[in-house]
Asker: 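Pasting a structure here, questions to come.
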Amino acid sequence: MFLLDWVYSALASLGLYHKSAKILFLGLDNAGKTTLLHMLKENRVQVHQPTIHPNTDELIIGKIRFKTFDLGGHETARRLWKDYLTTVDGVVFIVDALDQERFPEAKRELDSLLTSDELAHVPFLVLGNKIDVPRAVSEEQLRYALGMQNTYGKDSSGGEKQPGVRPIELYMCSVIKRMGYADGFKWLAQFL
Ligand code: G3D
């Protein structure tokens, strides 16, 4: 019973209770995807760990399947995640907010995902990670670097749906400090 309670409270805290979905965590290596997966994993409940490839990882909680892939410079991984695009319900794209040198590379990867036909109707949650470190860029700086000045809007109540506007939004977070990403997931959950 305790384990089930934990599963449901984890999903509820992310706004994913009762949802069934396949969510991809994408981003450059070192962005924080594996750390985020481990944070969701916590007590290692209902975890499937195939670990067949060093650039990918997977977690299943309740009816939600989370899968991570590194982007940029890993051609084998790219082939792996491309296979998933046609069935994915949501993308969480994680950016290291400390690594300004790699913002252009992150932007290229994000743009390529946003323009792919397979993901044309898929909601994108972009997480600017590592804001626990003082030299992390601000949300405004990251929006500018990624070309995300015009996004969907952060109202996650679902009451103000904007027909025809692509669901993409940026949330700053610190996965390690467990800050910010739950709000992002709640925003994403309204589209799942
Ligand atoms: P990846 O799976 O996207 O490749 P990882 O990235 O989850 O392996 O994280 C890469 C590094 O960033 C790790 O450091 C991890 O601890 C760190 N990291 C992840 N999230 C945060 C965060 O919120 N704040 C800070 N300060 N660091 C974070 P190491 O040193 O283990 O390589």
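Read the numbers this way: they start at 1 and go in the same order the structure lists the ligands and their atoms.
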Asker: Return the closest protein heavy atom for atom 26 (N) of ligand 1 as residue, atom name and distance.
Answerer: Asp132 OD2, 3.0 Å
Asker: Return the closest protein heavy atom for atom 6 (O) of ligand 1 as residue, atom name and distance.
Answerer: Gly32 N, 3.0 Å
Asker: Are Val175 and Leu98 grouped together when hydrophobic residues (ILVMFWY) are joined by side-chain heavy atoms under 4.5 angstrom apart?
Answerer: no
Asker: Is there at least one pair of N or O atoms, one from Asn129 and one from ligand 1, spaced under 3.5 Å apart?
Answerer: yes
Asker: Do the non-hydrogen side-chain atoms of Leu113 and Phe124 ever get within less than 4.5 Å of each other?
Answerer: yes
Asker: Quick check: does any side chain N or O of Lys154 sit under 3.5 Å from a backbone N or O of Leu170, one acting as donor and the other as acceptor?
Answerer: yes
Asker: For atom 2 (O) of ligand 1, what's the nearest protein heavy atom and its distance?
Answerer: Thr34 OG1, 2.4 Å
Asker: Is there a polar contact between ligand 1 and Cys173, counting only N or O atoms under 3.5 Å apart?
Answerer: no
Asker: At less than 4.0 angstrom from any non-hydrogen atom of Asp29, what atoms of ligand 1 do you find?
Answerer: 4 (O)
Asker: Which residue and atom name correspond to the protein heavy atom nearest atom 4 (O) of ligand 1, and how close is it?
Answerer: Asn30 N, 2.7 Å
Asker: To the nearest 0.1 Å, how far is atom 23 (O) of ligand 1 from its closest protein heavy atom, and which atom is that?
Answerer: Val175 N, 2.9 Å
Asker: Is a side-chain N or O of Arg143 found less than 3.5 angstrom from the main chain of Thr151, in a donor-acceptor match?
Answerer: no
Asker: Is ligand 1 less than 4.0 angstrom away from at least one heavy atom of Gly27?
Answerer: no
Asker: Please work out which of the three classes, parallel, tilted or perpendicular, describes the rings of Trp187 and Tyr171, given edges at 30° and 60°.
Answerer: tilted
Asker: How long is the straight-line distance from CG of Leu24 back to OG1 of Thr87, given to the nearest 0.5 Å?
Answerer: 8.0 Å
Asker: So for atom CD, which belongs to Glu101, do other residues, nucleotides or ligands contribute more than 12 heavy atoms lying within a distance under 6.0 Å?
Answerer: no
Asker: Compute the shortest N/O to N/O distance between Leu36 and ligand 1 and return yes if it is under 3.5 Å, no if not.
Answerer: no
Asker: Could you list the atoms of ligand 1 found under 4.0 angstrom from a heavy atom of Ser174?
Answerer: 23 (O)
Asker: Which atoms of ligand 1 sit under 4.0 Å from any heavy atom of Val133?
Answerer: 26 (N)
Asker: Could you report the tightest heavy-atom contact between Gly128 and Ala97, atom names first, then the distance?
Answerer: C-CB, 4.3 Å
Asker: If you measure from atom 28 (C) of ligand 1 to every heavy atom of Ile176, Ile131, Leu28, which option wins on shortest distance?
Answerer: Ile176
Asker: How long is the span from the NZ atom in Lys186 to the OH atom in Tyr181, to the nearest 0.5 Å?
Answerer: 11.0 Å
Asker: Give a yes or no on whether the backbone of Arg102 and the side-chain of Glu105 come within a donor-acceptor separation of less than 3.5 Å.
Answerer: no
Asker: Report the nearest protein non-hydrogen atom to atom 15 (C) of ligand 1: residue, atom name, distance rounded to 0.1 Å.
Answerer: Thr35 OG1, 3.7 Å
Asker: Between Val133 and Ile131, is there shared hydrophobic-cluster membership here, with clusters defined by ILVMFWY side-chain heavy atoms closer than 4.5 Å?
Answerer: no
Asker: Determine if the distance from atom 31 (O) of ligand 1 to the closest protein heavy atom is below 4.0 Å.
Answerer: no
Asker: Considering only the protein, which heavy-atom contact is closest to atom 18 (N) of ligand 1, and what is its distance?
Answerer: Lys130 CE, 3.7 Å
Asker: For atom 3 (O) of ligand 1, what is the closest protein heavy atom, and at what distance to 0.1 Å?
Answerer: Lys33 NZ, 2.7 Å
